[in-house]
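No hydrogens, no waters, no symmetry mates; every other heavy atom, side chains included, goes into these values.
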There are 2 protein chains.
Amino acid sequence: MTKKTLLAFLLVGASPLLPADRIGFLPASREAEDKAERVFIDTPTPDKAKIWLAALTERPHVAGTPEEKHEAEYVRDRLKEFGLDAQTVEYDVFLNHPKNVSLKLVEPVEETLSLREDPDPRDKNSGHYGMLPAYHGYAASGKAEAQVIYVNYGTHRDFERLKSLGVSVQGRIVLCRYGANFRGLKVKEAQERGAAGVLIYSDPADDGYMKGDIYPDGPMRPPSAIQRGSVQFLSLGPGDPSTPGYASVPGAKHIPREKMDGIPKIPSLPIGYGEAEKILRRLAGPRVPDEWQGGLPFAYHLGPGLAVASMDVQMEDGIGPIYDVIARIPGLVEPDSLVILGNHRDAWTPGAVDPNSGTTALLETARGLAAALKSGWKPRRTILLASWDAEEYGLVGSTEWAEDHAAEIKAKAVAYVNLDVAVTGRDLRVSGVPSLRDLVREVASSVPEPERGSTVGAAWEKRERSDWAKSGDVDLGHDEAFDLQLTPLGSGSDYTAFVDHLGVPSLDFSFTGSYGVYHSVYDNFFWMSHFGDPAFVYHQAAARFYGLLAMRLASADVVPLRFTSYARALRKELASLHKEAIRSARGLPEGDEKAGITPDFAPVEGSLGELEAAGKDLDAAVDQRLSGGGLPSSKLDDALVQVERAFLAAEGLQGRPWFQHLLVAPGLTTGYAPWPFPGLTQAVEEKDQAAYDRESRRVVGVLREGVDRLKAAAALARQP
Amino acid sequence: MTKKTLLAFLLVGASPLLPADRIGFLPASREAEDKAERVFIDTPTPDKAKIWLAALTERPHVAGTPEEKHEAEYVRDRLKEFGLDAQTVEYDVFLNHPKNVSLKLVEPVEETLSLREDPDPRDKNSGHYGMLPAYHGYAASGKAEAQVIYVNYGTHRDFERLKSLGVSVQGRIVLCRYGANFRGLKVKEAQERGAAGVLIYSDPADDGYMKGDIYPDGPMRPPSAIQRGSVQFLSLGPGDPSTPGYASVPGAKHIPREKMDGIPKIPSLPIGYGEAEKILRRLAGPRVPDEWQGGLPFAYHLGPGLAVASMDVQMEDGIGPIYDVIARIPGLVEPDSLVILGNHRDAWTPGAVDPNSGTTALLETARGLAAALKSGWKPRRTILLASWDAEEYGLVGSTEWAEDHAAEIKAKAVAYVNLDVAVTGRDLRVSGVPSLRDLVREVASSVPEPERGSTVGAAWEKRERSDWAKSGDVDLGHDEAFDLQLTPLGSGSDYTAFVDHLGVPSLDFSFTGSYGVYHSVYDNFFWMSHFGDPAFVYHQAAARFYGLLAMRLASADVVPLRFTSYARALRKELASLHKEAIRSARGLPEGDEKAGITPDFAPVEGSLGELEAAGKDLDAAVDQRLSGGGLPSSKLDDALVQVERAFLAAEGLQGRPWFQHLLVAPGLTTGYAPWPFPGLTQAVEEKDQAAYDRESRRVVGVLREGVDRLKAAAALARQP
């Protein structure tokens, strides 16, 4: 770093401290890369980010609407303007939009409940212009009028608990709060238990006043704010529900609405806590279990009671076009090898946070990469920049594209880097497969922290270490040193098809803070410029982080995947599952609950030992080869990339064959939250010893295949 | 059990299942004991309990008032009426009462804040008759007018956290919520940091609507309810603050108010959440840390802000009489050996729960014991039944009596069994020294569960097991089977002098449930008869449990203390401390916090191993001797009783010499909650390696003395 660069960094945070080494680079390649990265890193600016975000969030742009088509064109045109080769890719998919939705209380008083948010005079984007009334994507049309039962978060366990408390939801309207699991799974549980309809509200304990000041005085959710969102049964499989498991390309067979098993058959609506309070206060019946109490100022009851609600949901269903935008930066040496960056663009509302903070960062990344290309940078591999549509309905744009290009992705995709919400605050969080951890740390330590000095990597590690110190497990007799790992990937964004269906090493990241207006009209430019990132410097940081990841993935002489810590990351997750199993086996003396199983963790632990040894050996072999200045065969790249594919099983997970990765998946009953070792976790959850034994053998099988591939790669690295 | 008895048990729960064995009894003694116990157990009735409770709670009866003197006479007269030898014992102690107390908001609006509770027309005892305005016992007189700062629970850690957040309480009024530690320690922390005054309120998250329906519709705290209570610095030593460490007998030197270091020098007041909200809503400054948010429906801020409060506390200080009542049932064989049952009688309010549910049970216990005596029962040891005064100010009546009789108690007290709150619901909870665990289990399984069938012992074990299954630690590699133990004793009731100062094996128990009206005017007969124990059957169960404990302690041929599980109970506590130390040593990357120490737990663990072996051997020796029908020397009784005394150190704990027990004490910074191994815990908390090493040697020293005494007792048990 020159003195001038250092000064610039200290004064305006414009250029980062670049590390001495780069994973996967030959010593001789570093200077050119260094030069290109400097051009890249100096390109994204807060001012440009602010301009893109304002333009992208001028109007709500729900998938399937003209506004969202316009948004696609805007993004495509900007990418072209930067000098990139960008195309719109269209898929015809099943979507729905509200024709007529309404909700009222009919007993003990008749009162219409609002499905619109209150505008605030300070915020021009909080009005109703262009906003549809609140609804759930893929909601079923239908009517329900019934007594109401409160079911906490509406998780599988919550419904089981309710049953044990002697309260039935049969024929009733379920009222549950957002949080804990994916909303579609709340509706699935209610539907399976015979409920007539579902209302989902945002409790102030979860993202309202109990978590901070509320909009427009603070970033948290005000009483009228409504969380829209899809009610697809996400953990069974994302994408167009009319083409399950295959792409919605021209000529594809679309199954009819009534045969779609992955979306609800009973109506549901989202509401704010201002309206929910009117129902909740009128529930009688037993007081809720302690953990079910929310943040409204009275004791919650299970119901039923005086409250009778009436809901009417009439949706316009249909097959129509959505628009992915794909820009391609061709690779010079390995043009078929793909480094894919993706971000969705469609939003329920103006979407300043979700997803257009990410779209803004993607545009600034693209502008930076274009600048680097102009300066002479020549990436070894091809980079694709994708702007997905219809993510909000069920990761539709990315899933259809991935299914459409499954063969080439499986053969040649090096990594998929997702960016959904880029910025709600300052704290970097990264989820991903363990083989990308080292690269992430390296890149994070190359990006300046905009407001707190040092780098985003240092701030990230400090916060992770602090969280561990405060709340990490303590095991007597197990030395648990701090070990910075990526969080396992769950679902709820566009990496799902890449990692879970196709076994592509994937990442997802976000700069996070207090954010209570998710999927409401207040997720808009006012919110971002007052609370999320008023100086737009974290948008700049996100673009830098995103682009540097892409540059190193695309330019490294050997793909920068590393395997030493893979087994350690898995072992940590296995230990958590082991503890969960022990706790479950303790059972509860009350009632008829089935005792937990006592699974044998030794076989998987044994395989993890082999994986660790093979990973270490491979990393050492690659390092040695590169530091000696010798370029290994390009077969090594393929070998490294194919390690993650070893963890796939063609028959998929139990009951959800689309999910093929045996080491990580969205939780069957959580949707968002990951289940590491999903087969084992499911067996422990369902207390099924036979399933555990079967899944354990499957896991051992793919781990052994992984070990074989690591060994083969190490041999290639050592091949003269 | 005869068929008739069984039938009676099944039909009306009148007679318990008696176990085949009784700890410490010769086979030949069991029949007589069985007969006496049946007479006892059939005596307490719900009807009588209801009569006593109504009479005892007719008016508020604060220590030092004529109403409380009247209450003492009422209890004494009942005991005499039952045929027992009962006396009033008077001590002249320092107390204070409010002359004039007031609180107002002076900015941003002037508004007087209420120090009285709202009466409810359904509840005749909720009016203001005889109620003093809310105040804190032992509060300092003084005035303060200042901005307000919110400090969560006002624990040592909370104040440290506030400091790290850059907010000072110097010259300001501290507003904190009840909970987490003893209220006097909140004032102590505020005083040490230069606060001008302290307001303590009950947050609805802790015992208000977030925990259940509020009075008069439910058992939890309504907005106007105020938690009175003492602000003595309890963890430094209880009792009359004018006679620290010695009894307030005639001629004792009383130190002046200004020299009393164990009570506050700055004014404080308790308030309800209805009034607290008026201040809290007006605090500005940073938003509180997440865990500091309470249950009022807005985001809490640290302050300062617009709110300026003005408090005026004028107390009438003075030395005056308090009245313990002591009934004596002389022992036939070892009249100097004492089994002491104690319950306080004074209350801040009508006190239906605290303490007169306990007083009611004590009276029914006394009536039952009197009946057993009349039927011919002849206890081997002397039983004392104590009704303490001025517990609420600082365990004054019990502490002065214990200091007054320290020599005879230390020499001959077998056990002290405390009963403060007897009933707030159905769930038995027992705290005590581990040597009483087996007796407690045995007795609990002899008392019928009034509403759920089986015995209170079975219900207790079931609930404890369930708590463990839900929330117990899971350590991989450590097999943690469920082990029912008594909770360690902290402080906040009258066992303190007995266990912590004199080393008497002590117990405390309560039947617990939802109870949000602690120390408010709503702790009255209406509350108990609507929510706590409408049928008064748990009062009956408490009396049975209390009296059976006394009978077995007094009648057993060998005192029923057992030592096999003593070391196991301590080991569990040591493991918790070890984990706490590991967590603390992880440190936090933020700021200047001192890193935790890495203490060596091996020496204490080693001593616990010896204690376990010696305990097992002793129990086996006693069992063998008794089952052989041989009565050991009465020296064995003394030897067993003196084991607990081995754990005392004459120089006491660091900074608080009155506390002499090295294995358990109230937490220095918690007051209520126990610190097992208080010296070790303090060293870990204060991150003081030298103190840890010193305290570890002291603990090893007393444990070795305990081992020697166990061995000597075993030799006596085996002596022909």
Checklist line | A:Arg177 to A:Tyr201, cation-pi by 6.0 Å centre distance and 45° axis angle | finding: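 Ring-cation test returns no.
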Against chain B, label [X] side chain, backbone, both or neither, depending on which of its atoms sit under 4.5 Å from a heavy atom there.
X	answer
A:Leu296	backbone
A:Arg287	side chain
A:Ile582	side chain
A:Ala575	both

Kindly compute the distance separating [atom1] ([X]) from [atom2] ([Y]), expressed to the nearest 0.5 Å.
X	Y	atom1	atom2	result
B:Tyr153	B:Glu291	OH	CD	10.5 Å
A:Tyr215	A:Asp120	OH	CG	4.5 Å
A:Trp292	A:Tyr150	CH2	OH	8.0 Å
B:Arg568	B:Gln485	CZ	CD	7.0 Å
A:Ser576	A:Lys572	OG	NZ	8.0 Å
B:Glu686	B:Thr681	CD	OG1	11.0 Å

Next item on the list: Tell me, for B:Pro204 versus chain A, whether the close heavy atoms (under 4.5 Å) come from the side chain, the backbone, both or neither.
Entry: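 The answer is neither part of B:Pro204.
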Check: Where along residues 277-286 of chain B does a heavy atom come under 4.5 Å of chain A, listed by residue number?
Finding: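 Result: none.
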Notebook entry, point to check: For the candidates A:Gly212, A:Gly218, A:Ala205, which exhibits the highest count of non-hydrogen atom pairs separated by less than 4.5 Å from chain B?
Noted result: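 Max contact count across the listed options: A:Gly212.
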Margin query: Please rank A:Trp468, A:Phe482, A:Tyr300 by heavy-atom pairs under 4.5 Å with chain B and give me the top one.
Written below: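 Among the listed options, the one with the most contacts to chain B is A:Trp468.
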Check: Who are the ring-ring contact (aromatic ring centres under 6.0 Å, His included) partners of A:Tyr518, not counting sequence neighbours?
Finding: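 By the ring-ring contact (aromatic ring centres under 6.0 Å, His included) rule, A:Tyr518 matches no residue at all.
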Notebook entry, point to check: Under a 4.0 Å N-O cut-off, is there an ion pair linking A:Glu605 with A:Arg571?
Noted result: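 Here A:Glu605 does not pair with A:Arg571 in a salt bridge, since their nearest N and O are not under 4.0 Å apart.
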Check: Is the closest basic N to carboxylate O distance between A:Arg452 and A:Asp427 below 4.0 Å?
Finding: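 Answer for the salt bridge query: yes.
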Checklist line | Interface residue of largest heavy-atom contact number with chain A, from B:Asp213, B:Asp217, B:Asp290, under 4.5 Å | finding: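 Of the candidates given, the most pairs with chain A belong to B:Asp213.
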